[in-house]
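Just so we're on the same page: letters track the sequence lines, and every chain starts at 1.
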Amino acid sequence: MKNVSIKLAMGAALALGLAALSGAAVAQEKLKVGFIYVGPVGDFGWSYQHDQGRQAILKALGDKVETTYLESVPENDSERSIEQLARTGHKLIFTTSFGFMEPTLKVAKKFPNVKFEHATGYKRADNVATYSGRFHEGRYVIGQIAGKMTKTNTIGYVAAFPIPEVVAGINAFLLGAQSVNPGVKIKIVWANTWFDPGKEADAAKALLAQGADIISQHTDSAAPLQEAEKAGKLGFGQASDMSRFAPKAQLTAIVDDWSGYYVERTKAVLDGTWKSTDTWDGLDKKKVTMAPFMNMPDDVKAMAEKTTADIASGKLNPFACPIMDQSGKPAECKGGAALSDAQILGMNWYVKGVDDKLPQ
Amino acid sequence: MSPAILELVLVTVVASSIPLVIAALGELVTERAGVLNLGVEGMMIMGAALGFAAAYTTGSTIVGALAGVAAGIAMAALFGLLTVALAINQVAAGLALTIFGVGLSGLLGAGFVGLKRDGAPQLNIPGLSDLPFAGKLIFGHDAFVYLAFALVASVAYWLTRTRSGLAMRAIGDNHESAHALGLPVRRTRFLAVLFGGACAGLAGAYLSLAYTPFWAPGMTAGRGWIALALVVFASWRPWRVVLGALLFGGATVLQLHAQAASLGLPGQLLSAAPYLATIVSLMALSIGVRRNGAAPAALGQAFIPPR
């Protein structure tokens, strides 16, 4: 599927090309960049944000690049879609879900001249790079906001699955909340689904019934936030700005922004400097950004802005040691003054103060 | 658990079982006529998409609900055309209907993703709805809930107490004999399929209009399949469908509350509880039913009238 913007971009490029016909490098063929999305572009969440990144490439390099995307590609049947892009002359292909890992590697083996970028995976090859975002940095910021804003000292957390990314998110959130409010409590409900609006809403209802006055979520629909709005309580958006669903309840949202990385990597292919790397950055490179801070007093807003800036500048590390585990024992610090990336990526334990038993 | 929380839990249980009740009731009628429609999920999600689209465009929840019903009927008509009129394999056609519905709803609903509207209003009778404990539970729901229970009562009465209900069951049990008696087998089956579609569409509209008032692709999240299973475990009886749906919804909501209350039970086991509880209790009920007595005897068989 090609979309209209390609044609528009091509049209614009053609006009530019004619204008600059006297230039030397006009004959150079455009780089074709392909994208595989796991969801629909219109999910206003994960895939939507990746598509924003694709559009950023067109905006920045539209005269040298054309893009194609395939949306709603099922993870277990993605190999032929990836191969289709590789066969049709795409020299750089982004596969944007964890489940695309093996298919990407398989296709990459067949097309050594094509560069692949796989999001959130951990397996690389000479022509397969990986990248992800340090979303837990954003969780630390919203944890602080929640710690300041809660009146009942009880925060509800709707979580999807007990995988390291979600566990690290819970830990960073609670560490943020404890840093401003030592007495704060967090209640966790595992929905055991990434996306089921009905069940996510019920989970939020249960947390509200148990006295939570702020709902945080690590599931994909806007339902928990909407429940918070309905109950006159507060909450946070997930993956993209969800304030349209809850103008009175959303305090902020952790927004994934892939634009910078996508433009940078496309440039690297154009310059011939592309290498297989593993990139994991966050607030510093603006891969993780915060939606506007709202529905909060100015002092909380100022604190949130300062924390965001401090994490971005490296002054503050959400997982700075010492960190106590649930039993109160300090965790081993493999990253010097803080937990190492490997420790965060494989996190399967709670920090002190989490009132939940981690499902194993 | 304080009475206030218990009341809230029960209200949520009822609300979360309603889509299952409505969709399963429709499928029950379809299956009692001898047609197995595995496309419930597809019809349901079309109801959710078009229901929301219509309600958002017109600003009326009632128009939205009717559009959801119409979407379900349109999908069911397609299925009826294939299976009843053309006698195509019902299992294959039903699966195709689900895949078709999930895809088409994503396409048609694309322009309505990320939009918000207020949920269906809840009944509020001054005095009665404020009664302690039972007030909200009996008098505090939205119209869909009361409609669902009225539907169950009507279908239960119609299936067992009316001539046309008995005729439809006869068709579902033995279409050749029914045909020989002069009963309109294919017409009845087609209507039963349409009723199933209408119910599935309404159940979908309930999700996008009342339960979580927004549209998102895939938002039915497998409820159509659970409705299908409920019909079997309820041995094709309307009130048992309600019981099964309440049990399933109840166990789902209770396990979420158990987690929120930090009872310290493992979450994944709790997540499996709804399925276990529903299957075990409905199976226990079915033991009393005669063997082969529960399922419509001609279920899933195509009828081609002898020339």
Which residue out of B/Pro213, B/Gly222, B/Ser16, B/Ala216 racks up the most heavy-atom pairs below 4.5 Å with chain A? B/Pro213
Please state whether the side chain, the backbone, both or neither of B/Leu207 comes within less than 4.5 Å of a heavy atom of chain A. neither
Going by side-chain contact (heavy atoms from CB on, under 4.5 Å), A/Lys187 matches just one of A/Asp356, A/Val354, A/Val158, A/Thr154. Which one? A/Thr154
Students often mix this up, so state it plainly: with edges at 30° and 60°, are the rings of B/Tyr211 and B/Tyr206 parallel, tilted or perpendicular? parallel
Whether A/Trp258 and A/His50 hold their rings parallel, tilted or perpendicular, with breakpoints at 30° and 60°: parallel
Are the side chains of B/Leu202 and B/Leu147 in touch, meaning some heavy atoms are under 4.5 Å apart? yes
With a 3.5 Å cut-off and no angle check, do the side chains of A/Asp51 and A/Tyr37 form a donor-acceptor pair? yes
Checking A/Leu207 against chain B: side chain, backbone, both or neither under 4.5 Å from a heavy atom? both
Given a strict heavy-atom distance threshold of 4.5 Å, which part of B/Pro19 is in contact with chain A: side chain, backbone, both, or neither? neither
Measuring heavy-atom distances to chain B, does A/Asp202 have an atom under 4.5 Å in its side chain, in its backbone, in both, or in neither? both
